[in-house]
Amino acid sequence: MAKIKNLKGLMIPITDYPHMPYWATLEEAVVLLNFSYETAHDTILVFDESYRLMGVLEQKEILRDIHPGFSKLSLEKVSDKWEKLILTHNLDQLKKPIKDFITPFNIIVDVEDHVLKAAHLMLKHDIDLLPVKESENLAGVVKMHDIFHEIAAFILKS
Amino acid sequence: MRSLLSIFKKIKFKKADIPKASPPDRMSFKERYDCFQKLLADNNSILETQADMEEKLSGDYIFDMHYVDSRCDILVEKVQSVIENLNSLSNGEYRGLYDAFEKINSVIKDSLIKNIEIPVTDFTIPFEDVTKDMVRSVGGKNANLGEIKNRLNLPVPEGFCISSHAFKRFMDYNELGDKINISSVDTDSLVELTRVSKAVQNLVLNATVPPDLEKSILDAALKLKRKADLRAGGFYASVRSSAIHEDAQFTFAGQYKTALNVAPEDVVSAYVEIIASLFTSRAIFYCKSKGFHVEDMVMAVGVVEMIDAKASGVVYSRDPTDESKRGIIINGVWGLGKYVVDGIVKPHTYVVSRDIPMPILEKNQPVQPFMLICGLEGGAIDVRVPDYIRRMPCLTDEQVTTLAGYALVLEKHYGKPQDIEWALDLNDNLLILQARPLRIVAEKRSMPVPRSLPGRKILINKGQIACKGVGAGKVHFVTKDEELKSFPEGAVLVARHTSTRFVTAMNKAGAIIADVGSPIGHMASIAREYGVPTILNTEIAMKTLKASQEITVDAINGNIYEGRIEQLVEAGKKDNTFKDTAKDTAVFEVLRGVLQSIVPLNLIYPEDEKFSPQYCETFHDITRFAHEMAMNEMFKLGKGAHQRKGGAVKLVVKLPLDIRVIDLGGGVENRSDKITVDNIACIPMKALLKGMMAIEWPGPPPVNVKGLLSVIASTAMQPNSEQSLSEPSFAVLSREYMNFSIRLGYHLQTLEAYAGERINDNYIRFLFKGGGASHDRRARRTRLIKEILEKIDFHVDRTGDVLDGRVTKYDRTSIEKKLGVMAKLTAFTKQLDMTLFNDAVVDWYIKEFIKKHYVE
């Protein structure tokens, strides 16, 4: 039997994760994700004025917001020209605050919870990222990417 | 001039006398602000006064000792007030400044009162025992004569000195030091000068010569007589002043009396007359305007054998108007030399080459109508020059060359050009009567004055230049002393002949012209000292010029034009003549001396550990330190506002800020029960609010995203952080001043500004600290702020997430503009720390801000 594995070691501390206040614009979000590319973080945590966690802004959501009709195009109509993605009105979209495009968190795990609990909740709610609290404050997040890696290691070892 | 001692007694204060300041927390904001305002005003007065004094050092101005005294008075009073106000503001935290003040002030006091120390010597000292090192004992003139006799072995008349110690004995015996008071004399009033002078001279003339002094003088005079009797003939003496300052450094040329042809038994009474001449109105004027105090007026006297001169005159070892010329100039007249130095007659002039074998380059021998000779019964009398010598040169070529040789020896010995008086006795012996440094007029000019101006009428084009320069003004004839009393400011003094009495008009004269007179006379020397353009020997000025006629005197090319010619006056101004000569005067020395304790700034950097009272070495240091600390004390006001919320009124404004206003007076106008933006009269606050309202602030959070609102990021969980989020922001305001502590999210920023009409007072200070994000992100935000502030000229200190920036001494409009930028920066950086994931993000935001908000 493997020893109890909690989320402490898997959690990405809040200080290492990109985050923004809700009034930041989509443009700022693009900038932030671009400059944090090397860290492989693909979402941004969004907070309110009091540093309360409001939700997460995902890459796919940003693309959807920049060009709202893009995903609904029939495949043949998807252009091979960059310019088609960034039209003038798309640039205006970039000035919008991210607050309207965030996905709220409805669940949270504790840093003492087992990895499997987190895996369970992710599957159940179809999400890849979970906030982690410690002593009732937000301490960080765990990603499916890292949880899967833990599980995979266990499977292979067995 | 007030008695300096009384001034310093007045300003001397002990620590025990320091008014007890109320503790800051008991002083109202208003009281503190009043202290601050007074300090700012004093700070400005001090800097202005300092600048004015420094400007005087440029040499472009004439000023007297009263000026230096009164400026020092102002500074002393203001610096003292600055210290008191700072200590009131800070509850006596900077008492160390009182020590610094005392120390500096005592140095200034010493510079202002330079009492001459009078060495104790015999009352009389024979010339055989005198050298140039004995100026303090025997005066400059006597010391030089002793030097010439004993060290150079050049021929001088027999004689002895009546020492400065004897002078002291005379003054003390009659208690004259206490009785004479010239400190309050108004030097602008000739009437006043004359009245005081007369009173003082009477005191001296009626004083008693102490018996011991009288005996000493008589003994020495009789001893001289016996020596002369052995050589044959009677003995008469020339009794001359030899003031302690005279000739050695400063020209007191001709200010004091000389008694000629005095019988031995009359030497004592001549001595008293010469002592009295120390206090003639011109000497008092000269003394006061040149920076001497009454205590400095010490007179030694020389008693020399009267040379019954066949001829006498003056030698200049160089041309005083142009040092680069290679000639030695010798002037001479038949009879006694007084007529040369006083410019009564036109002298014979010889120019001798300085190069061996010293040929005579020029000779000029005008006919001499009158001469001064020794009277048979003593004194000097004016007689016609006998026909057989009237047209003869007063010196042979050999004698001219001998004199020129003496001049070179003297110049070499003293290391500078010399002004020498000589006499030729009845046995054709040449004697040196006196030697002193020659005052040379500087040559530097940046703009040449045209030799003559075509189309302008030249009234007179002859004469000799005594002081180079250009002056213009209305002709004012002076034929009697009384005409000096009403001498108009800026007029051109025109006279028959030169007189040292003209000194009383030299502060006012635009130029001086005299039909007779020599550029090497006393008056010429004084004119150069005062830098008054002077042309002498014009011969026809008295009859050619008309009273009140406007003329321009070009004393560079020797032309006198009709009318005022600005072109020439301007060109003449570029001439540095006066600058270089004026800088040698005693009052300049005193000013230079006191400024050493006033102007240099040693406390440069506030962050330096030596930025403290104990390192204040000048008034400037004290003022700067106090200004800096006063700003710090005021900066703390914001903190006080949070502790004492009384009197604060909410500002109704469309901003996501809860602003409470405390008015120090003038910050809010026409208010009713509430304050709106329109009621704000505070200049910096208006500028700030205008900027804050011009930008978009973060909107409200989305209503549909409730999420996990109870979870706060752990980084934000600092002591009292929640409390600070709900605290209002306090603004303490006056019309020019703002101290605004802004609570915005998790950080605190204090923005203080002063925006008035005086650039010196104006500043912005900005303190920023804290935040809700992790320390590294907070530090990135302060880096961002630092870089933006530096672009608008701030000096910024930053340590981690604490930033302290300031900008000072900009005009009001610039301060307002900068505050506008800061308003935008305030909104821009609100919780921006959250986003600053790495330095690349910071750089992007800096560029973004500059692009959007920063106007070059």
Side-chain angles (χ1 to χ4, degrees), chain A residues 13-25 27-39 41 44-57 95-111 130-141, chain B residues 656 696-718 721-726 743-747 771-780 827-849 851-852:
Chain A
I14 183 88
T15 50
D16 294 345
Y17 209 86
H19 52 275
M20 294 184 119
Y22 67 82
W23 57 82
T25 61
E27 183 189 18
E28 290 175 72
V30 170
V31 167
L32 182 56
L33 280 177
N34 183 46
F35 285 127
S36 52
Y37 179 69
E38 285 174 9
T39 61
H41 297 317
I44 295 170
L45 300 176
V46 181
F47 292 88
D48 76 353
E49 197 172 6
S50 312
Y51 236 114
R52 286 174 214 273
L53 182 63
M54 295 173 74
V56 63
L57 183 66
K95 300 295 172 199
K96 286 193 167 176
I98 56 173
K99 66 180 180 181
D100 301 329
F101 312 108
I102 53 181
T103 312
F105 286 110
N106 295 312
I107 44 174
I108 190 164
V109 286
D110 192 280
V111 76
L130 263 180
V132 181
K133 64 182 164 96
E134 185 174 19
S135 313
E136 299 311 310
N137 294 318
L138 180 71
V141 287
Chain B
E696 199 177 323
W697 286 74
V703 282
N704 57 340
V705 183
K706 291 291 176 201
L708 293 157
L709 285 179
S710 61
V711 189
I712 290 179
S714 54
T715 54
M717 295 313 292
Q718 295 150 352
S721 57
E722 286 258 47
Q723 187 195 340
S724 70
L725 272 178
S726 60
R743 306 273 166 167
L744 211 52
Y746 285 99
H747 79 262
S774 55
H775 184 268
D776 54 345
R777 293 185 197 213
R778 297 200 306 265
R780 284 187 198 114
F828 187 77
T829 53
K830 182 183 176 185
Q831 270 153 347
L832 189 61
D833 52 337
M834 221 185 257
T835 311
L836 302 179
F837 182 71
N838 58 27
D839 285 337
V841 179
V842 176
D843 293 338
W844 183 83
Y845 273 102
I846 292 173
K847 278 190 199 140
E848 190 66 8
F849 182 85
K851 199 167 77 190
K852 271 190 186 164

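Every chain is numbered from 1, with letters handed out A, B, ... down the list of sequences. The figures that follow rest on heavy atoms only: side chains count, while hydrogens, waters and symmetry mates do not.
- For A:Thr39, the part lying near chain B is the side chain, with the backbone staying farther off; criterion is any non-hydrogen pair under 4.5 Å.
- Atoms CH2 and CD, on B:Trp844 and A:Glu28 in that order, are 5.0 Å from each other to the nearest 0.5 Å.
- Taken from OH in A:Tyr51 to CD in B:Gln831, the straight-line distance is 8.0 Å, to the nearest 0.5 Å.
- Contact of A:Glu134 with chain B is not made at all, since no heavy-atom distance falls under 4.5 Å.
- The minimum heavy-atom distance linking B:Thr835 with A:Leu32 is given by the pair O-CD1, 3.4 Å.
- Partners of B:Lys847 under the side-chain hydrogen bond (donor to acceptor under 3.5 Å, both in side chains) rule, at least two apart in sequence or in another chain, do not exist in this structure.
- Most heavy-atom pairs under 4.5 Å with chain B: of the set A:Ile14, A:Asp16, A:Val31, this distinction falls to A:Val31.
- Interatomic distance, CE of B:Met834 versus CG of A:Leu45, reported as 10.5 Å (0.5 Å rounding).
- Of the atoms belonging to A:Pro97, not a single heavy atom falls under 4.5 Å from chain B.
- When the ring pair (Phe, Tyr, Trp, His ring centres under 6.0 Å) test is applied to B:Phe837, no partner is found at least two apart in sequence or on another chain.
- Note on B:Lys830, B:Glu848, B:Arg777: by heavy-atom pairs under 4.5 Å with chain A, the leading option is B:Arg777.
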